[in-house]
Amino acid sequence: MNARSTIRRVKLILPALTEATSPYWRPIKYSLFPPLGLATLAAYLDPDLEISLQDEHVEELDLNDRPDLVIIQVYITNAYRAYQIADHYRRRGAYVLLGGLHVTSLPDEAAPHADTIFMGPGEHTFPQFLRDFAAGVPQRRYQSSVRTLEGLPPIRRDLIQRHRYLVPNSIVVSRGCPHHCTFCYKDAFFEGGRSFYTQLVDDALAEIARLPGRHLYFLDDHLFGSPRFARDLFRGMRGMGRVFQGAATVDSILRDDLIEEAAAAGLRSLFVGFETLSSSGLEGAGKRQNLGRSYREVVRRLDSLGIMINGSFVFGLDGDDRDVFARTVDWAVQAGITTATFHILTPYPGTALFAEMAARDRIATRNWDLYDTRHVVYRPSSLTPEELKRGYDWSYESFYRWSSIWKAASTHQSAKHRLKHFFYSVGWKKFERAWDLVIRIKQLSQMRPLLEAVLAPVAGSPADGAQKGLPNGPMEPALLKISPPGTSAPS
Ligand code: B12
Ligand code: SF4
């Protein structure tokens, strides 16, 4: 397409990961969150254009249409599919843009499939492109350097088909994270500018107020990353009657009373990156914020506030031996972690970990489809790849055994928390067929009240006290008996 031609039809696409065809495919996991990044970009488009947003995780793509401009988001595991779709639309004469994490890590790999590629967050570069395009001078590459979330146009949530998602109210109020773990994508993605920044508190509160219903999921890498911002946000949220989930680091939970403020605002479950029980493993991964902190104390604090925990653990760090799996699972069960997300260490291109492994010739494959944290793509130091894969599979199986769920649930002080733990965990892992059915008959939105019920405060916890009198409602025991819902951060 000629760059000077006027755009009338714009299509935004989140391609599905190749995993969609594998036996590990879990429809419910991919029907959790809508494509927030694309809806954010759509806000910069002229609202009079004909705009469609398709998410291949939840619907079949219509590839027979003729959009003028195609915008595709590329993660590592959907990269090959994204390139296929991009090639298809370029053959049909569309102007194709590629951006996102994987394009930022490997721009030269992505460039032959696009008219223009984008590195880093799009809030500044995408509107710049639109201006250049209108003037007939679009660049081949845009590298983000201006980093701010001030004055963002409201996300085009109207383009999201809410009924297709269990958690349509996902939200991000910051970008990046103040830490620098060597395996994390974030330093590479935010290179060339600030790597942690937040919205203005009032803008974040306004975005929250625009979201219908009660349940929210903050997808921020580290919701407590700026304590001052987080405190003001949570204070502003008090009285809004929300229940929410999010992610934060070990040190931020122990540091001060921010976690109490979060609980009072409606925090009911938290994704926590424990990663490993070994201090040399933490050191090797540059995860200093966890060093010397008591994981037990983290669990105790969250438990006392009635906050459920999704613990994240990584296997295959240098020094991990055959005992690491049993050691980790035993700890997680005994500590009463609600849900666990296990990962096989995965060196994403662009990270310090990848550079180090490549230099030592430890990268075993560059097939990005396998970079899903379920496959071993490098040579581990003290385990064979087979031992690592087997241990990882065993860990999931063992953690989600009925007896383990029961044992972990029994650790909580209050009976209500024990029940919540049990149903949340069972709902997430034991009702796969039921979830598939609900998705097939397009009734996922009917499950949201059940999720909210499971996330209701634990009686007697400070969170309960703080929200007394709000339209919160006690958790219905009857609902608990039939409800299998549960969500967890990406796993
Ligand atoms: C929600 C989420 C998911 C959801 C769904 C994804 C969705 N619907 O968007 C689910 C649960 C499916 C998921 C699964 C997985 N995820 Co995930 N997920 C996330 C999470 C927490 C939030 C994504 C988000 O909404 N961000 C907020 C928006 C605003 O940012 P954004 O999406 O990056 O979009 C911005 C830019 O990237 C850019 N941009 C993006 N595309 C384009 C295109 C153009 C043209 C332009 C101009 C700009 C642009 O502009 C946007 C605005 O700034 C991120 C972590 C994070 N904080 O980003 C991990 C993350 C993306 N996931 C990750 C991983 C590894 C996975 C899994 C492989 C994990 C696993 N073991 O299962 C799977 C498979 C993912 C897949 N589909 O291939 C990694 C990706 C690493 C990488 N290098 O690709 C991340 C970064 C987590 C991490 N810390 O490592 N995930
Ligand atoms: S704390 Fe989490 S988000 Fe932050 S750098 Fe480490 S892994 Fe990445």
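Counting starts at 1 for both ligands and their atoms, in listed order. Hydrogens, waters and symmetry mates play no part in the numbers below; they use all other heavy atoms, side chains included.
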Determine, stepwise, if the pair Glu283 / Arg288 fulfils salt bridge (Lys or Arg N to Asp or Glu O under 4.0 Å). CA-CA 6 Å; Glu283 245 166 291; Arg288 287 193 213 103; over 6 Å; no

Do NZ/NE/NH1/NH2 and the carboxylate oxygens of [X] and [Y] come within less than 4.0 Å?
{"X": "Glu397", "Y": "Arg390", "result": "no"}
{"X": "Arg362", "Y": "Asp318", "result": "yes"}
{"X": "Glu56", "Y": "Arg81", "result": "yes"}
{"X": "Asp65", "Y": "Lys11", "result": "yes"}
{"X": "Lys389", "Y": "Asp393", "result": "yes"}
{"X": "Arg141", "Y": "Asp108", "result": "yes"}

Is the closest heavy atom of [X] to ligand 1 under 4.0 Å?
{"X": "Thr341", "result": "no"}
{"X": "Thr104", "result": "no"}
{"X": "Thr125", "result": "no"}
{"X": "Leu32", "result": "no"}
{"X": "Lys186", "result": "no"}

Test of ring centre spacing under 6.0 Å for [X] and [Y]:
{"X": "Tyr185", "Y": "Tyr348", "result": "no"}
{"X": "Phe133", "Y": "Tyr95", "result": "yes"}
{"X": "Tyr392", "Y": "Phe342", "result": "no"}

Would you call His179 a ligand 2 contact, heavy-atom distance under 4.0 Å?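 His179 counts as a contact of ligand 2 under the 4.0 Å cut-off.
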
Closer than 4.0 Å to some heavy atom of [X] - which atoms of ligand 1 meet that?
{"X": "Ile72", "result": "43 (C)"}
{"X": "Gly122", "result": "38 (C), 50 (O), 52 (C), 53 (O)"}
{"X": "Thr77", "result": "74 (C), 75 (C), 76 (C), 78 (O)"}
{"X": "Gly37", "result": "28 (C), 29 (C), 32 (O), 34 (O)"}
{"X": "Glu123", "result": "52 (C), 53 (O)"}
{"X": "Leu41", "result": "42 (C), 43 (C), 44 (C), 46 (C), 48 (C), 49 (C), 50 (O)"}
{"X": "Phe189", "result": "36 (C), 37 (O)"}
{"X": "His57", "result": "77 (N)"}

Check each heavy atom of Ser170 against ligand 1 and say whether those closer than 4.0 Å belong to the side chain, the backbone, both or neither.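 Answer for Ser170: neither.
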
Using a 4.0 Å heavy-atom threshold (strictly under), name the region of Leu219 that reaches ligand 1: side chain, backbone, both or neither.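 The answer is both, backbone and side chain.
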
Sub-4.0 Å atoms of ligand 2 with respect to non-hydrogen atoms of Cys181: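 Counting from 1, the qualifying ligand atoms are 1 (S), 5 (S), 6 (Fe), 7 (S).
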
Identify, by atom number and element, the atoms of ligand 2 in contact range of Asp221, meaning under 4.0 Å from any of its heavy atoms. 3 (S)

Heavy-atom nearest neighbour in the protein, as seen from [atom], with distance rounded to 0.1 Å:
{"atom": "atom 4 (Fe) of ligand 2", "value": "Cys177 SG, 2.3 Å"}
{"atom": "atom 8 (Fe) of ligand 2", "value": "Cys184 SG, 2.4 Å"}
{"atom": "atom 1 (S) of ligand 2", "value": "Gln289 NE2, 3.3 Å"}

Mark yes or no for whether Glu59, through its side chain, and Asp55, through its backbone, hold a donor-acceptor pair below 3.5 Å.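 Looks like yes, one N/O pair under 3.5 Å.
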
Under 3.5 Å donor-acceptor, Tyr295 side chain and Thr276 backbone: yes

Have a look at ligand 2 and work out which part of Lys287, if any, has a heavy atom under 4.0 Å from it: side chain, backbone, both or neither. side chain

Heavy-atom nearest option to atom 64 (C) of ligand 1, drawn from Phe354, Tyr185, Tyr348: Tyr348

Proximal candidate to atom 4 (C) of ligand 1 [heavy atom criterion; set Phe183, Tyr371, Phe33]: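 Of the listed residues, Phe33 has the closest heavy atom.
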
Step by step, work out the side chain to side chain donor-acceptor pair (under 3.5 Å) result for Gln245 and His215. CA-CA 8 Å; Gln245 300 173 258; His215 178 248; 2.7 Å; yes

Please check if atom CD in Glu191 has more than 12 non-hydrogen atoms from other residues, nucleotides or ligands closer than 6.0 Å.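 For Glu191, atom CD is not crowded (no more than 12 foreign heavy atoms under 6.0 Å).
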
